[in-house]
Amino acid sequence: MLEPRTEPRAQLEATARRIRRDIVTSTTRAGSGHPSTSLSMVEILTVLYFGGVLRYDPSEPHHPERDRFILSKGHGAPGLYAVLAEAGYFPTEDLSTLRQLGSALEGHPNMCRLPGVEASTGSLGQGLSMGIGHALAARLDGHSYRVYVMVGDGESEQGQVWEALMYAGNRGLGNLTLILDRNGYQQTAAVAEVQPLDPLQDKIEAFGWSARTIDGHSLDEVEAAFSWAQSVQEAPQAIIANTVKGKGVSLLEATPGKWHGKPIPPDEVEKALEEIGA
Amino acid sequence: MTLGLSHIELEDGQPTRLAFGEALADAGVNEAIVVLDGDVHNSTYTGLFKERYPERFFNVGIAESNLVGIAAGLAASGKVPVVSSFSIFLLANAFDQIRMSIAFPNQNVKLVGTHAGISIGEDGPSQMGIEDVALACALPGFTVIVPADGASTRAATAAMLEREGPTFLRCGRPAVPVIYEDVTDFHVGKANQLREGSDITIIANGVMVAMALDAAAALASEGVEARVLDMHTVKPIDTEAIERAANETGGIVVAEEHIAYGGLGATVALAAAERAPTRMAFVDIGDTYATSGKPQELLRQYGLTPEAIADQARHVLKA
Ligand SMILES: Cc1ncc(C[n+]2csc(CCOP(=O)(O)OP(=O)(O)O)c2C)c(N)n1
Ligand SMILES: [Mg+2]
């Protein structure tokens, strides 16, 4: 049986700090990448992988009963990689090879090269559909695994996201959980300027989902949201996580619209790591 | 052998996407031009147009199918829409919309794909347009242009906007070497001969043009005179230039930053096979996705180098 890794609270907080540190250092070292995108999902991924939710075994990355996590917003790869390293899929030292020739840690996740990556993503809008496929396969095979998919708020402008929402809702896929990382910004502007999403929760519920809106940086609220999701059987669940793009680094938090896809300049890293506390 | 490293360093000129963005902003005095974006105008440089003409600029969001459909409607109502995004997101994500809303009804929409090829570098394979030329060429009625440098991109942008009809213009991310000081002589569908030679012909476009020139210089030092053609327009292809190359030189090497299928190599081969079969060889990415790395490292890794072009030329001449 696969068991989730369940760390006590103090340890979870430390883990989250290490993940933030690794996001910052790996992207600055690479000289490119998306730290702000990655930082907004740290608490969610920390609880998912280390707070007693996801069932997985890094020594058996293709275990048929494993829970699946799909990072649909693939440019958040540095965050996913930091988590997978922390989980034991590969050595933490490998994070320093991010985006380098020969490294399996490509700019966007590549499931053919890196264990623990469940889907090759980077063209926005596609992860939720793949998640539905896994959820349907679980039903067909009589497996009890659950599927979690993380989608960006800008990404949710893609039509395919709403096609997937409609389908999963209509099929009542209770083994599927969507996490919408609502950090308020996309590449060129605030999401509210490009495509205001509200009333977002109402819309998703209208498509047949159970939905909740939470503070995506509160470990308490994230933990509660995942236990709620696991308790819902008859419908897919959406966790709308209000987050801050660049969370934990004041430089990025101050002007999130200006930092999409930009690493922290080397001379700002020390201060950033101090703020993170790792 | 080390050849013209400066060319592989991809540094001395302007990125073609920037040249496009500047030329588009300049063309904006024409009030029929409207520009559509899929949340990447700071990457494609259509932001330069947005600054000058915000009322004719539409950021549709991350929704390429919708983006392309809206452009088709604008065209049908008399506008000249220029749609720009990463090349592969535009063509692959919205292919049926391009087919049904633009190509089939022959709408005057200009698609400009930036971040083409593996020379985008670290962002990796999901962002690389390596099948984009094949997709665009597969659309009946489309004009397909792959300029080599800043000046020719400016000329191509102007030509594209002057002409009627659906067009795909392919631009890259990194700065590329200067090939043309100034292009007064850019004609859609007509190759530019950059070097005379009668032993062999190298046909290239995009970033491969600079490498073709380097390869030709290396071959010259061995006594082999290579003709170099900048085949910026893949469709309609310059069949006459190909026929002359086949008849007047000992064979053709085609070089492109694209998979082996459906792009410049395939198009040149088709024309040559029909008109004047000759010995040919191809320098391209083959049949694979790439990986992350620095642009120049990737070009080497996937065999897109002056050395590879020169080797293929020797191979053709030996055969
Ligand atoms: C289909 C597609 N179009 C465009 C892009 C370019 N792009 C990469 S990230 C991004 C913005 C994403 O915003 P959001 O989903 O809110 O993610 P965040 O970085 O805020 O977490 C865009 C437009 C892409 N990767 N895929
Ligand atoms: Mg966002």
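Both backbone and side-chain heavy atoms feed into the values below; hydrogens, waters and symmetry mates do not. First the proteins, then the strands, lettered A, B, ... as listed; each starts at 1.
If you measure heavy-atom distances from A:Thr121 to chain B, the contacts under 4.5 Å come from the backbone alone. Neither the backbone nor the side chain of B:Asn66 comes within less than 4.5 Å of any heavy atom of chain A. Proximity to chain B (any heavy atom under 4.5 Å) is shown, for A:Ala104, by neither the backbone nor the side chain. Contact of B:Ala92 with chain A is not made at all, since no heavy-atom distance falls under 4.5 Å. Both the backbone and the side chain of B:Thr291 come within less than 4.5 Å of a heavy atom in chain A. If you measure heavy-atom distances from B:Gln127 to chain A, the contacts under 4.5 Å come from the side chain alone. Contacts of A:Gln187 with chain B are made by both backbone and side-chain atoms, with heavy-atom separations under 4.5 Å.
Most heavy-atom pairs under 4.5 Å with chain B, from the set A:Gln186, A:Gln100, A:Gln195, A:Gln160: that is A:Gln186. Ranked by heavy-atom pairs shorter than 4.5 Å toward chain A, the options B:Val60, B:Asp39, B:Ile88, B:Asn59 are led by B:Asp39. Most heavy-atom pairs under 4.5 Å with chain B: of the set A:His34, A:Glu157, A:Arg99, this distinction falls to A:Arg99. Top candidate by heavy-atom pairs under 4.5 Å with chain A, chosen from B:Gly38, B:Gly124, B:Ala63, is B:Ala63.
Of the possible donor and acceptor atoms, one in the side chain of A:His108 sits under 3.5 Å from a partner among the backbone N and O of B:Asp123. For B:Asn42 (side chain) and A:Thr188 (main-chain N/O), no donor-acceptor pair under 3.5 Å exists by modelled atom type.
When all heavy atoms of A:Gly122 and B:Ser126 are compared, the pair lying nearest together is CA-OG, 3.6 Å.
With rounding to the nearest 0.5 angstrom, the CG atom of A:Leu124 is 6.5 Å from the CZ atom of B:Phe89. The distance from atom CD of B:Gln301 to atom CG of A:Leu101, rounded to the nearest 0.5 Å, is 4.5 Å. In this structure, CG on A:Leu98 lies 8.0 Å from OG on B:Ser292, to the nearest 0.5 angstrom.
Environment of OH in B:Tyr289: sparse, with no more than 12 heavy atoms of neighbouring residues, nucleotides or ligands closer than 6.0 Å. The environment of NZ in B:Lys294 is sparse: at most 12 heavy-atom neighbours from other residues, nucleotides or ligands sit within 6.0 Å.
A side-chain donor-acceptor contact under 3.5 Å links A:Gln158 and B:Glu64.
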**Worked check of side-chain contact (heavy atoms from CB on, under 4.5 Å) between B:Asn93 and A:Ser123** = CA-CA 9 Å; B:Asn93 208 322; A:Ser123 179; 4.0 Å; yes

